[in-house]
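Below: the structure, in structure tokens.
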Amino acid sequence: MIVIAHISDLHIDSGRRSVERAEAVMAYLEDLPHDLDAVLLTGDIADHGLPSEYEEVRRLLTSRHPVLVCPGNHDERAAFREHLLGSPTTPGPVNQVHHAPGFTLALCDSSVPGKDHGHLDDETLAWLDDVLARAEGPVLVAFHHPPATLNTPHVDGIRLLDEQPLADLTARHPHLTAFLTGHAHTPAATTFAGRPLLVAPGVVSTLRLPWEHRAHAEDHVHLDLPPALAFHLLDADGRLTTHYRSVIG
């Protein structure tokens, strides 16, 4: 059985709060009695996209498990490449593929520099189409912005826009098993293009849902709830199961 831990939205900044919450999640994963097939982080790794924030993230993400990261709208591509991935600062989207026994994980860059909403440009869609065409077995596709509404107005307005080309691409590749995203700061499960769309909770905060209490109109997040993560399990029959877990120190 394949087990992938999925976390998102660390928003590491110069303060201790974001760092301590990320440390708690990574310590929980390191303490697990079995090795994971991957630890996936779907964006907003840094809060301001600063080199110093990515240097701190590199320290935080030291792990015995394979760690895979893609950027979000708070990330800055050049600094993400250089200071987190240790790669040359080439222009364009940060797209990566991870091949492992039994599955492929395609990490797409849905960020739009200077904007909060997401978009998969033609370069990324062509890259993903090629990855899917070459892959054998299940493929999980990860990026930051959910491509469908979650009925949370604060997030739905800055989700992945212009999603129809992705839906068309999905229809051509039946072994595309699921979409894994972040951005919403709330655990959620829905569908997109006939596939599961699984949204990781936020590590730094949790979104207030429209029917929950709030102190004022701009009170969008809980800051006192514990950080959380998802575990995606892919069994020998190709069935995907997701468990959500809070990390209480």
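Note that these values count all heavy atoms, side chains included, but never hydrogens, waters or copies made by symmetry. The first residue of the sequence shown is numbered 1, and numbering continues consecutively from there. Keep in mind that this is a model prediction, so the values were computed, not measured.
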Problem - Test log, rule side-chain hydrogen bond (donor to acceptor under 3.5 Å, both in side chains), inputs H222 and R208 - result: CA-CA 6 Å; H222 296 276; R208 292 186 188 275; 3.2 Å; yes
Handout entry: D224 atom CG, over 12 foreign heavy atoms within 6.0 Å
Key = yes
Problem - H216, NE2 atom: more than 12 neighbouring heavy atoms under 6.0 Å - result: yes
Salt bridge between [X] and [Y], side-chain N to carboxylate O under 4.0 Å?
| X | Y | result |
| --- | --- | --- |
| E163 | R159 | yes |
| E23 | R59 | yes |
| D130 | R134 | yes |
| R16 | E20 | yes |

Shared hydrophobic cluster for [X] and [Y] (ILVMFWY, side-chain gaps under 4.5 Å):
| X | Y | value |
| --- | --- | --- |
| F192 | L132 | yes |
| V203 | L32 | yes |
| L140 | L197 | no |

Judged by atom type as modelled, is there a donor-acceptor pair below 3.5 Å linking the side chain of [X] to the main-chain atoms of [Y]?
| X | Y | answer |
| --- | --- | --- |
| D44 | D9 | no |
| R214 | V221 | no |
| R21 | L10 | no |
| D37 | I4 | no |
| S63 | H65 | yes |
| R239 | L234 | no |

Exercise for the section: Please test H173 against V139 for side-chain contact (heavy atoms from CB on, under 4.5 Å), starting from the C-alpha separation and ending with a verdict. Expected result: CA-CA 9 Å; H173 298 286; V139 180; over 6 Å; no
Practice task
For the residue pair S205 and H185, confirm or rule out a side-chain donor-acceptor distance under 3.5 Å.
Solution key: yes
Problem - Distance-only side-chain donor-acceptor flag, N73 / H117, under 3.5 Å - result: no
Problem - S87 and E82: CA distance, side-chain angles, deciding distance, side-chain hydrogen bond (donor to acceptor under 3.5 Å, both in side chains) verdict - result: CA-CA 5 Å; S87 301; E82 180 178 357; over 6 Å; no
Handout entry: Parallel, tilted or perpendicular: rings of H145 and H183 (30°, 60°)
Key = tilted
Practice task
On the 0 to 90° scale, with breaks at 30° and 60°, tag the H154-H220 ring pair as parallel, tilted or perpendicular.
Solution key: parallel
Rounded to the nearest 0.5 Å, what separates atom [atom1] in [X] from atom [atom2] in [Y]?
| X | Y | atom1 | atom2 | answer |
| --- | --- | --- | --- | --- |
| D35 | L29 | CG | CG | 11.5 Å |
| R245 | H243 | CZ | NE2 | 8.0 Å |
| F143 | L120 | CZ | CG | 5.5 Å |
| L40 | I7 | CG | CD1 | 8.5 Å |

Handout entry: Distance flag, aromatic centroids of H74 and H11, threshold under 6.0 Å
Key = yes
Handout entry: side-chain hydrogen bond (donor to acceptor under 3.5 Å, both in side chains) between H232 and T242, intermediate numbers included
Key = CA-CA 4 Å; H232 305 300; T242 295; 2.8 Å; yes
Handout entry: Qualifying residue for side chain to side chain contact (heavy atoms under 4.5 Å, CB included) with E53, from L84, D75, D47
Key = D47
Exercise for the section: Using the side-chain contact (heavy atoms from CB on, under 4.5 Å) rule, take Y28 and L229 through it: C-alpha gap first, then chi angles, then the decisive distance, then the call. Expected result: CA-CA 10 Å; Y28 168 76; L229 70 153; 4.0 Å; yes
Practice task
Tell me, with the steps shown, if T42 and H6 meet side-chain hydrogen bond (donor to acceptor under 3.5 Å, both in side chains).
Solution key: CA-CA 8 Å; T42 48; H6 180 191; 2.9 Å; yes
